[in-house]
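Note that the numbering runs from 1 along the sequence shown for the chain.
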Amino acid sequence: MVALSVKPLFTILVVSLALLLAIILLSPSSPFSQSSLPFNSPLKLDIWTVRRIVEWRPCKWWLQGDPTALPVETNGYIRVDCYGGLNQMRRDLCDGVGIARLLNATLVLPKFEVAAYWNESSGFADVFDVEYFIRQMNGFVKVVKELPSEIASKEPFRVDCSKRRGQFDYIESVLPSLLEHNYISITPAMSQRRDRYPLYAKAALCQACYSALRLARSLKKKASKLLEAIPKPFLSLHLRFEPDMVAYSQCEYSGLSSASINAIEAARGDRKPWTGELARIWRKRGRCPLTPNETAFILQALSIPTNTNIYLAAGDGLMELEGLTSVYTNVVTKSSLLTGEDFTSMHGNTKAALDYHVSINSDSYVATYFGNMDKMVAAMRALKGLYKTLFLSRRAFAEFTSQGFSGKDLMRALWKSHRDNYVMGIGSALPDCFCELTL
């Protein structure tokens with residue numbers, strides 16, 4: 001009888017000691033806390049608790065300024081013509097500034113395309129602070145708001161480099177036109193390798209991209225109002241699953257609503273979806289956008305709590321959104337937080353600028369794509385010292401599901417894949433202006 005009474009007491013004592021040990025080991029001050037547990041730990045960790053090995057910092061040659069002084073005389077005037085969405089135009093502008101410095105040209109304020117496709121009518125000055133841009137570029141490249149009277153009435157000589165590929169050289173191909181006409185407009189080549197630029201041209205590009213573009217005062221006021229309205233802390237999610245995006249990818253999906261299918265078909269045009277083995281290969285290469293449902297699954301695999309406040313940084317026409325909001329219920333958008341008048345008076349560029357401003361200031365940023373906005377946001381977050389930035393891997397998701405992974409096995413595989421990317425800082429910044437730092 002005595003033995004029977006001692007055994008429960010012994011069991012209780014062992015359990016109590018085990019619980020106490022667990023509390024000590026997992027306390028934040030302990031070297032065995034969750035943030036320093038080995039990667040194969042069975043504990044369910046938030047992806048942000050994993051320690052980074054590699055981070056990105058602005059390169060010293062940019063921040064310290066290149067000693068090469070601007071020449072007194074320039075070779076002429078260059079206007080950068082920017083097309084597409086806001087972040088594509090911003091990319092073209094950054095490249096254009098580097099080209100202007102490379103060719104020793106004076107930069108005229110850029111021209112933003114007015115396009116019905118993007119529901120757009122706003123120009124550079126509607127989005128960005130012109131005076132601030134000019135001041136910040138002082139010493140990097142000369143910028144003017146107005147042309148000299150002798151050429152002000154002329155249209156610039158058009159030089160379209162956007163489709164040029166391979167070993168394209170601006171000095172050989174564009175400088176002769178600049179010297180001949182004195183005023184040219186240019187759309188930069190999409191595939192131009194910036195590593196061929198001398199440091200003074202690269203520094204001008206970096207300064208324009210990451211230090212000189214501040215939102216215009218009225219737009220900054222709206223952006224600040226929006227940021228203040230978002231529940232804190234929050235994750236900014238850049239989700240891409242619009243009809244044109246899916247149509248362009250040439251991917252097919254099962255289980256979509258009839259409304260989504262019709263919208264995709266209307267946007268396809270001549271771009272027919274891949275079928276059979278080609279479709280399988282295409283998807284395994286990571287070419288197919290993640291659906292909101294797939295996005296929610298990956299976020300859960302990364303142990304992002306389902307009660308996380310999420311700001312949805314996305315354009316109009318996002319499809320199948322309930323696949324995300326049925327799991328993550330605290331999702332807000334700019335249209336839900338801004339008043340009707342504030343929102344309806346805005347165009348594509350200014351709406352995109354709000355998403356950008358919120359995303360570079362969010363507690364964490366996750367993107368389902370690696371497009372122009374994502375590259376800019378990641379770099380700006382690195383510049384600001386915000387490193388909770390992650391790109392969901394379409395390739396990994398497609399690869400694992402093609403191998404038959406599902407449920408918890410799929411979640412474990414996705415966790416390991418994204419953990420490795422996060423640890424190595426993959427996608428956190430572009431190497432043009434940022435240098436790798438091993439911690």
Side-chain angles (χ1 to χ4, degrees), residues 59 61-62 64-84 88-113 123-124 128 130 133-213 372 430-433:
C59 296
W61 52 258
W62 161 33
Q64 293 175 351
D66 190 271
T68 307
L70 284 171
V72 177
E73 298 292 330
T74 69
N75 291 325
Y77 297 84
I78 286 181
R79 185 187 76 197
V80 185
D81 290 351
C82 305
Y83 297 88
Q88 181 179 332
M89 291 195 285
R90 181 173 176 156
R91 181 204 66 194
D92 287 346
L93 171 59
C94 297
D95 285 338
V97 170
I99 295 165
R101 183 65 182 92
L102 180 68
L103 302 183
N104 183 29
T106 297
L107 185 72
V108 182
L109 288 180
K111 178 183 177 183
F112 277 13
E113 176 195 47
F124 179 77
F128 297 112
V130 171
F133 178 74
I134 294 173
R135 287 197 307 271
Q136 289 296 104
M137 294 312 302
N138 184 40
F140 290 90
V141 68
K142 186 177 179 182
V143 184
V144 296
K145 290 192 288 186
E146 297 179 355
L147 290 163
S149 56
E150 62 270 20
I151 60 172
S153 60
K154 297 180 181 178
E155 280 297 311
F157 179 78
R158 176 85 176 122
V159 182
D160 187 359
C161 307
S162 60
K163 304 301 181 185
R164 303 282 185 93
R165 299 188 181 279
Q167 301 293 323
F168 178 67
D169 190 294
Y170 284 106
I171 293 178
E172 293 180 1
S173 303
V174 179
L175 183 58
S177 296
L178 177 63
L179 294 173
E180 179 183 353
H181 298 279
N182 197 34
Y183 178 33
I184 66 172
S185 67
I186 185 171
T187 301
M190 291 173 18
S191 61
Q192 172 69 4
R193 287 181 56 183
R194 297 162 176 168
D195 57 1
R196 296 194 183 98
Y197 288 7
L199 282 185
Y200 60 81
K202 289 178 69 175
L205 182 153
C206 297
Q207 181 73 2
C209 248
Y210 305 115
S211 293
L213 293 176
N372 292 309
L430 299 180
D432 298 319
C433 306

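A distance of 9.0 Å separates CG in Leu205 from CG in Leu93, rounded to the nearest 0.5 Å. Remark: Thr187 OG1 to Met89 CE distance equals 11.5 Å, nearest 0.5 Å. Remark: Arg158 CZ to Ile186 CD1 distance equals 8.5 Å, nearest 0.5 Å. Here the NZ-CG distance, from Lys154 to Leu147, works out to 10.5 Å after rounding to the nearest 0.5 Å. Rounding to the nearest 0.5 angstrom, the gap separating the CG atom in Leu109 from the NZ atom in Lys111 is 13.5 Å. Of the inter-residue distances, the one linking Lys142 atom NZ with Thr74 atom OG1 reads 6.5 Å to the nearest 0.5 angstrom.
Judged purely by atom type and a 3.5 angstrom limit, Asp92 has no side-chain atom pairing as donor or acceptor with the backbone of Val80. Remark: side-chain polar atoms of Gln207 are not paired, donor with acceptor, to backbone N or O of Ala212 under 3.5 angstrom.
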*Checking side-chain contact (heavy atoms from CB on, under 4.5 Å) for the pair Ile171/Leu103: CA distance, chi angles, key distance, verdict?*
CA-CA 7 Å; Ile171 293 178; Leu103 302 183; 3.9 Å; yes

*I would like to know whether Glu180 and Phe157 meet side-chain contact (heavy atoms from CB on, under 4.5 Å); could you show each step before the answer?*
CA-CA 10 Å; Glu180 179 183 353; Phe157 179 78; over 6 Å; no

*Please assess Phe140 against Arg101 for the test side-chain contact (heavy atoms from CB on, under 4.5 Å), listing each intermediate value before the final yes or no.*
CA-CA 7 Å; Phe140 290 90; Arg101 183 65 182 92; 5.9 Å; no

*Criterion side-chain contact (heavy atoms from CB on, under 4.5 Å) on Ile134 and Lys145, from CA distance to verdict*: CA-CA 9 Å; Ile134 294 173; Lys145 290 192 288 186; 3.5 Å; yes

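Contact record, Glu172 with Asp169: N-OD1, 3.0 Å, taken as the closest heavy-atom pair. When all heavy atoms are compared, the tightest approach of Leu107 to Gly96 is CD1-O, 4.5 Å. Of all heavy-atom pairs spanning Val174 and Cys161, the tightest one is CG2-SG, 3.9 Å. Between Pro148 and Tyr77, the shortest heavy-atom contact is CG-OH, 3.1 Å. Across Ser185 and Pro156, no two heavy atoms sit closer than the pair N-CB, 3.5 Å. Across all their heavy atoms, Ala203 and Trp62 have their closest contact at O-CD1, 3.9 Å.
The environment of CD in Glu73 is sparse: at most 12 heavy-atom neighbours from other residues, nucleotides or ligands sit within 6.0 Å.
In this structure, Phe124 and Phe133 have perpendicular ring planes: the angle between them is above 60°, well past the 30° mark.
SG atoms of Cys206 and Cys433 are separated by less than 2.5 angstrom, consistent with a disulfide link.
In this structure, Pro188 and Tyr170 have side chains that are in contact, with non-hydrogen atoms separated by less than 4.5 Å.
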